[in-house]
Amino acid sequence: KLHVQSGYTVIFFKYLICKNTIYTFIVPFLISMLILCQPHLLLVSVEIFLQALEDGLKRADADPSVKAVMICGENGKFSAGADIKGFSSPKRRGIALGPIVSLIERSEKPVVAAIEGVALGGGLEVALGCHYRIAHVKARMGLPEVTIGLLPGAEGTQRLPRLVGVPAALDMITTGKVLCLVIPPKGVKICSLPDVDALFCNSIFLPPGQPLGPRRLSLKPVPKLPNMEAFLSEALVKVKKQAHGCLAPELCFQAVKAATEQPFADGVRREQELFNVLLTSGQAQALQYAFFAERAVQKWTTPSGASWKSASPQPIHKAAVIGLGTMGRGIVTSLVKAKIPVVALEQDLEYLNMGRKAVMFLLEREAMKMEQGAQTLDFHNPARLQFTVDFDVLRDVDLVIEAVFENMALKKEIFHKLSRICKPGAFLCTNTSALNINEIASATSRPQQVIGTHFFSPAHVMKLLEIIYGHHTSPTTIATAMQLAKVLKKVGVVVGNCFGFAGNRMMFPYAQQAVFLLEEGSRPEAVDQVIEDFGFRIGPFRMSDLAGLDVGWRSRKGQGLTGPSLPPGTPARQRHGHRYSPLPDLLCENGRFGQKTGKGWYQYEKAGGRTAKPDPWLHSFLSQYRDTHRIKTRFIDQEEILERCLFSLINEGFDILAEGIASGPEHLDVIYINGYGWPKHRGGPMFYASTVGLSRILAKLQKYSEAHPDVPGLQPSAFLKKLVAMGNPPLKEWMSYLSRPNNKL
Ligand code: NAD
């Protein structure tokens, strides 16, 4: 019997001998992904595990009384695979699970994997080395390595296609899907593990003397497809399209392709080569950073000392949403999907009917995607979803999310009303994109229960929920909003209150640079291409067309930057002494709101169309504009486009950190990955900055701000300068260079 360290997933080796006597010994197995532990501890544990597995198998093979070996997990879980932290440890490379899997397969005694709970990553690869696999009907299996920028490197890319065929293996390996693979035959009783033991002992699964050769996956051919070549080239196109520049899916594809073309041993060598490319690519580190950053931001803190440790969320039994426009309808859908009863309120019956239709459409579509969705969601039941124009119906709700027009006076009026009508404990949330939470809260008699819950469009799809605390927001309110994010299966990130909060505030200089680049000689399609090649799903101009140019126009009119409130005599390309581009305003004045009007920065097949085509009208409009304002046109290369857009966004991020609006760079990265389409394999803007090198970013910002001294967004942040002066400390140390208390994560 070997020592088992607490918290480790374990496997039992059960030697099944002829007289039903069972000797068991336990070895620590690959640590669960969720358990964080010191890399050196892991190293020891994995080595102990591998050694014990090898010794055990050899002993079992040598002992004539042993007839078969069964591998299973403890506590209802087979194995969640290796600790992700171990992958980035350089020492980790010395540990090879592959040869042990081969050893299992070569065993002269039948080896059976009895899978309960999960078999993921290395865990599933162990199971693939066994001669038999038996799984509980609810067991979930997958090779999720691709999601952390790697591939299954213990021969899994070579064995899985031999077991399940190329299409299914490619799907699992290139997407990392975790699946329930067991479909119980009709009438078969689902057994628990003790029953499984009994079944083995009764030799139901292992008829004596059955040869093991055909059970060894490495000896099996990959099942042929009539059109393998065509299938693979089509699959590659699909994989590349979905990868947006992430290497791992394509290299996973290459590894599976090798299985179809080469003998097993050569395929394994190819798998190793590709694994090493990924391990050293930088993308795996970025994806693993993103994985941990998402977990780190759950542990929120505020500069005043409030934190997740001391605050408890209140239960939300019933919620309300006010305004069923673009955002409100998605938010209602999200709440219904999370089985929270909702009251949906609009300003009048006409808007209510429009909103109801839109919500029902979204819910029907969501229900179709879910097994037995319609029954489970039960959204035709008024107890689950009620539509109204009457504020009195909100008396008994626990939480309200306001999503009306972006107008401070209107929001304040609504919050004042809510404060009078809703029960004293109810939380009042606003979905504002940028407005001051404190001012909204001032319209109520309970500012401690007012909070920003900034959803992203489409609200039932996008994972980010930016949670903004105001001056008076209580820790309980923050905890409740974070709990709401969890229940809605979203990622909540707590930030402080400022114009545009963290996400949109960083977006402003980025979008501004994109438009300045047009003024100076670029085209929307050129800028979008550079940003999309970087890995964003959508460039700034296609994004602006999708969201609607009128949204920003309304906001700029509200701020007095354009429209009737602009003081006469204001220079066309200057506001408050800084450079300003009226281009987006001019497009709106021409009725070009983007997709909704069929024209914006691009042209579309019709109003509401989605296929963007470069528009000759816009090109000649831009030339005229440059002539009118005597702007010298020049060729702008890809490097400048990328740097001016991204470095100005990152620069704002440093200011946000310095002001304590976000409590760490991880927060900004999680916001950008989950809400703004920042490519995950680049780890988020702040992580990316750390990989580019802060000195380089600073030097480039200095260069661009010298060329454009009237653009504040290009002036390097004092915090960035400080970090460079301190010798470029690693990202996890950045916050310790700020002098505020409580600034560490
Ligand atoms: P929208 O114009 O599509 O919808 C607003 C809805 O509010 C309309 O249906 C309107 O009838 C309703 N409304 C107006 N006054 C009302 C009242 N007194 N009572 C009840 N309902 C009323 O706007 P939207 O795009 O859904 O934006 C809503 C809020 O969400 C804004 O604050 C916006 O800044 C924010 N937001 C928008 C997006 C986006 O991408 N559209 C993203 C994040 C946040």
Side-chain angles (χ1 to χ4, degrees), residues 320-334 342-359 362 386-394 397 400-418 420-422 428-437 439-440 443 450-468 490 493 495 499-505 507-508 511 538 540 542-559 593-596 671 674-677:
V321 176
I322 305 188
L324 301 177
T326 310
M327 295 307 292
R329 52 192 68 168
I331 299 170
V332 171
T333 305
S334 211
V342 193
V343 180
L345 185 142
E346 255 295 347
Q347 57 176 325
D348 62 30
L349 286 174
E350 195 186 333
Y351 273 105
L352 186 73
N353 281 334
M354 270 181 352
R356 184 203 313 260
K357 264 195 205 143
V359 168
L362 289 180
Q386 187 181 359
F387 291 90
T388 185
V389 288
D390 180 2
F391 269 82
D392 273 345
V393 180
L394 309 188
V397 300
V400 184
I401 301 169
E402 164 277 312
V404 303
F405 304 128
E406 186 78 336
N407 176 304
M408 181 55 90
L410 175 63
K411 294 209 191 260
K412 281 171 90 170
E413 182 193 320
I414 290 194
F415 272 74
H416 181 65
K417 218 180 212 175
L418 290 172
R420 276 193 296 110
I421 291 171
C422 294
L428 308 181
C429 313
T430 170
N431 188 47
T432 175
S433 316
L435 299 179
N436 189 337
I437 304 296
E439 193 176 340
I440 296 175
V450 175
I451 193 161
T453 48
H454 184 200
F455 289 77
F456 287 71
S457 181
H460 60 296
V461 176
M462 294 297 285
K463 272 186 76 191
L464 179 65
L465 185 64
E466 196 179 23
I467 293 171
I468 309 105
K490 297 196 185 291
V493 184
V495 296
F499 188 74
F501 319 127
N504 282 346
R505 180 169 154 185
M507 193 51 26
F508 297 143
I538 185 164
R542 263 189 264 273
M543 184 67 211
S544 164
D545 274 0
L546 175 71
L549 274 78
D550 52 322
V551 179
W553 191 36
R554 213 175 303 133
S555 157
R556 288 190 297 279
K557 281 198 266 189
Q559 295 170 60
F593 291 173
Q595 288 187 4
K596 60 178 87 164
I671 286 176
N674 292 288
Y676 294 86

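Whatever order the structure lists them in is the order used to number ligands and atoms, beginning at 1.
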Counting heavy atoms only, name the option from Glu413, Gln347, Arg329, Met354 that's nearest to atom 20 (C) of ligand 1. Gln347
Using 0.5 Å steps for rounding, measure from the NZ atom of Lys412 to the NE2 atom of His416. 11.5 Å
For His454, the ligand 1 atoms with a heavy-atom partner under 4.0 Å come out as 43 (C), 44 (C)
Closest non-hydrogen atom pair, Phe499 against Arg505: O-CB, 3.7 Å
Check: Gly503 main-chain N/O paired with Glu466 side-chain donor or acceptor under 3.5 Å: yes
How are the rings of Phe405 and Tyr351 set relative to one another: parallel (under 30°), tilted (30 to 60°) or perpendicular (over 60°)? perpendicular
Among all protein non-hydrogen atoms, which one is nearest to atom 30 (O) of ligand 1, and what is the separation to 0.1 Å? Asn431 ND2, 2.9 Å
the protein heavy atom lying closest to atom 4 (O) of ligand 1 turns out to be Gly325 CA, 3.2 Å
Checking contacts now, so for atom 23 (O) of ligand 1, which I'm interested in, is there any protein heavy atom under 4.0 Å? no
Please determine whether any non-hydrogen atom of Ala547 lies less than 4.0 Å from an atom of ligand 1. no
Would you give the length of the straight line joining atom OG1 of Thr430 to atom CD1 of Ile451, rounded to the nearest 0.5 angstrom? 11.0 Å
May I ask you to identify the nearest protein heavy atom to atom 34 (O) of ligand 1, giving residue, atom name and distance to one decimal place in Å? Ser433 OG, 2.6 Å
Taking the side chain from Arg329 and the backbone from Leu324, do they hold a donor-acceptor pair closer than 3.5 Å? yes
Shortest protein heavy-atom distance from atom 29 (C) of ligand 1, along with the residue and atom involved: Val404 O, 3.2 Å
Give a yes or no on whether the backbone of Lys411 and the side-chain of Glu402 come within a donor-acceptor separation of less than 3.5 Å. no
In ligand 1, which numbered atoms sit nearer than 4.0 Å to a non-hydrogen atom of Ile322? 20 (C)
May I ask you to check if ligand 1 and Thr432 share an N or O to N or O distance below 3.5 Å? no
Test your reading of the model: is there a side-chain donor-acceptor pair from Tyr676 to the backbone of Asn504, 3.5 Å cut-off? yes
Backbone or side chain, does any N or O of Glu346 fall under 3.5 Å from an N or O of ligand 1? yes
Does an N or O from Glu406, backbone or side chain, lie closer than 3.5 Å to an N or O of ligand 1? yes
Checking a contact table here: which protein heavy atom is nearest atom 43 (C) of ligand 1, and how many Å away? Phe455 O, 3.2 Å
Nearest non-hydrogen contact with atom 3 (O) of ligand 1 belongs to which option: Thr326, Asn407, Val551? Thr326
Test your reading of the structure: does Lys411 have an N or O sitting under 3.5 Å from an N or O of ligand 1? yes
For atom 37 (C) of ligand 1, which protein heavy atom lies nearest, and how many Å away is it? Met327 CG, 3.3 Å
In terms of heavy-atom contacts, Lys490 and Ala459 come closest through NZ-O, 2.7 Å
Does ligand 1 have a heavy atom under 4.0 Å from the side chain of Thr430, from its backbone, from both, or from neither? neither
State the atoms of ligand 1, each with its element, that fall below the 4.0 Å cut-off from a heavy-atom position in Leu410. 15 (N), 18 (N)
Short side-chain to backbone donor-acceptor contact, Ser544 and Pro540, under 3.5 Å: no
Identify, for atom 14 (C) of ligand 1, the protein heavy atom at the shortest distance, and state residue, atom and that distance. Phe405 CE1, 3.5 Å
At what distance is the nearest protein heavy atom to atom 40 (O) of ligand 1, and which residue and atom is it? Ser457 CB, 3.5 Å
Determine, stepwise, if the pair Glu406 / Arg554 fulfils salt bridge (charged side-chain N to carboxylate O under 4.0 Å, His left out). CA-CA 9 Å; Glu406 186 78 336; Arg554 213 175 303 133; over 6 Å; no
Between Asn431 and Phe455, is there a donor-acceptor pair closer than 3.5 Å when you use the side chain of the first and the backbone of the second? yes
